[in-house]
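Working notes, beginning with the structure itself.
As a basis for the values below, the full set of heavy atoms in this structure was taken, side chains included, without hydrogen atoms, waters or symmetry mates.
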Amino acid sequence: MSLRRIMTAAIAMLAALALAGAASLIVLTTYLHRTTASMGSAVEGVRLAEALQVDLLSLYRLSDSLLRIPSDSPRSLAAIESNLRLHLTEARANAWSPQEQALIDDAERTISNYLLARERAANLPTEQAARELVPSLEAALAALDGLVTFNVNEARTVQLQADRWDQLANIGAVSVAALLVLGGGALLWWLRRFVFRPLLDMSRAMRRFGAGRKRTRAPVAGPVELRDMARTFNEMANSLARQQEEQLTFLAGVAHDLRNPLSALKMSAALVTSGRPIPEERMQKTMALVRRQVARLDRMVGDLLDATRIEAGRFELSLEERDARELATAVVELYQAGGSSHDLRLHLPEEPVLLCCDATRVEQVLHNLVSNALKYSQGGSRVDVIVGYESEEAVLSVVDRGIGISSEELRMLFAPFRRTGRAREKAPGVGLGLSVARRIVEAHGGRIEVESRPGVGSTFRVRLPRARSAAQPAVASSPAETVH
């Protein structure tokens, strides 16, 4: 149920009803105009027929006064005959149906017969002339009565039709008005029930959420658009809740991870400041412990600062052209100098692999990957650091034979403050290293790829763009193995 579609359909329906009403009004107006014209024609026909009857009767009555009335008088026989012919012409022009034309033809024939009879009876005695004229006069008057009756009946028929159309127009107008009112009422009811109510519920849910009730969620109801809005709000609320939980987990992890090195530093300080003589060997072990814990604190603080800069958009790179072999060698030698119990091997190609990068940040990424490989692998196991290139990309790989990562855990591997279950058990941490490493690599225009199987090990590949001056043909490198 889409709000847009329903509103479009409702508006289209109401517009169709309005157009239908307007079209009906136009049709009705046209019909009434034609009806008025027809009634006017019928009335005119009645008037002309009655005028012809008056003319005939005037001719009959003035037959005896022919010598006493001047020929130019409107009441003269010549003037009356002229009017008679004029009225016949007008009646024929006014006729609009074949039936009326036939009646006019019959009336004209009887009038002509009367006029011929009148001419023949002009020299007859009055009584004999009257006997000759009366039958033809009555026939003409009867024909004109038929014309009057026809026009009267036509006028009545047209009036009845107009009355029926008027009733239909009233019914149609009432029906269209009722449909418009019902449609508008139904649309308002639907909007109130399925649009305004979900909107109010969503507004209340947002206010409750803003007031601190973080478990409040908006009901998913109403049209598709409002459902999408409710789902978006709920997803945002769930995301904020997860972020809050992650922040609390992060704070708890940071507090836990800080407590261990601080406790070790506290005990070492207590031992050094106890005033008792301390053997040289014990002092060296204590200072080595202090250095390790300080280095651990430094890494934690560095990760926190980097994560803060990245989130604030203040992460900057100092780019320079460096050889990836030198960066990898420096990282491996650092861990070898620390007396690692793992079989750490470095594989380098014979030719340089030049990068335009921030050397410190790239080393930070490699430190994180190598450190994780060592932490999550058993002592004595092999860890390979491989430098190579493919086409225009430098590939820095770290391969271990450690605990591995499941496919479910791989999806959230680079999320901040997220650590897999086995990783939490194997080594402490706050879960920022891989997240920061990925952001550093992406800031260089590269990417990190991971392949892992639980119990078999993991392979992390860092792909970075090579410097333009070092572009090589599209072949993979064959690094020479340098074992350390």
Side-chain angles (χ1 to χ4, degrees), residues 5-58 83-112 114 137-191:
R5 292 181 180 177
I6 291 176
M7 291 298 296
T8 302
I11 293 173
M13 186 178 299
L14 294 176
L17 287 174
L19 289 176
S24 301
L25 183 60
I26 293 173
V27 171
L28 179 61
T29 304
T30 304
Y31 178 77
L32 290 177
H33 175 72
R34 292 179 180 177
T35 301
T36 303
S38 298
M39 292 187 68
S41 177
V43 172
E44 182 66 14
V46 171
R47 185 189 70 80
L48 291 172
E50 291 178 347
L52 288 170
Q53 288 179 334
V54 172
D55 292 338
L56 288 174
L57 292 174
S58 297
N83 288 336
L84 185 63
R85 292 186 178 87
L86 178 60
H87 290 153
L88 279 173
T89 302
E90 291 179 353
R92 186 176 294 280
N94 184 69
W96 57 275
S97 65
Q99 296 86 348
E100 188 175 3
Q101 289 284 356
L103 291 173
I104 292 175
D105 291 341
D106 184 58
E108 187 175 7
R109 180 180 56 80
T110 57
I111 292 173
S112 297
Y114 170 74
L137 177 61
E138 290 179 350
L141 292 176
L144 292 173
D145 285 337
L147 184 60
V148 170
T149 302
F150 174 81
N151 281 285
V152 170
N153 291 334
E154 286 295 320
R156 289 175 179 174
T157 301
V158 170
Q159 183 178 4
L160 291 176
Q161 292 178 353
D163 292 339
R164 285 196 297 269
W165 275 91
D166 183 61
Q167 292 176 358
L168 291 175
N170 291 335
I171 294 173
V174 172
S175 300
V176 170
L179 288 176
L180 287 173
V181 172
L182 291 176
L187 181 61
L188 290 176
W189 175 85
W190 183 85
L191 289 174

Nearest non-hydrogen partners of A49 and L147, listed with the distance: CB-CD2, 3.9 Å

Nearest-0.5 Å distance that lies between atom CD in E154 and atom CD in Q159: 13.0 Å

SB check E44 R47 (cutoff 4.0 Å): yes

Separation between OG1 of T36 and OH of Y31, rounded to the nearest 0.5 Å: 10.0 Å

Spatial distance of atom CD (Q101) from atom CG (D105) [nearest 0.5 Å]: 6.5 Å

Any side-chain heavy-atom pair of R34 and V158 under 4.5 Å: no

Audit row: N94, E100, side-chain contact (heavy atoms from CB on, under 4.5 Å) steps and yes/no: CA-CA 9 Å; N94 184 69; E100 188 175 3; 4.2 Å; yes

Interatomic spacing from CG in L88 to CG in L48 - rounded to 0.5 Å: 9.5 Å

Considering all heavy atoms, the nearest A107-A143 contact: CA-CB, 3.7 Å

For the student: nearest non-hydrogen atoms of T35 and A162, plus distance: CG2-CB, 3.6 Å

E50 side chain near V148 side chain, heavy-atom distance below 4.5 Å: yes

Side chains of N151 and V43 in contact at under 4.5 Å (non-hydrogen atoms): no

Spatial distance of atom CG (L103) from atom CD (E108) [nearest 0.5 Å]: 13.0 Å

Heavy-atom check, side chain of L141 versus side chain of L57, under 4.5 Å: yes

Side chain H87, main chain N83, donor-acceptor under 3.5 Å: yes

L137 side, atom CG; Q53 side, atom CD - distance, nearest 0.5 Å: 10.0 Å

Heavy-atom side-chain proximity of L56 to L144 below 4.5 angstrom: yes

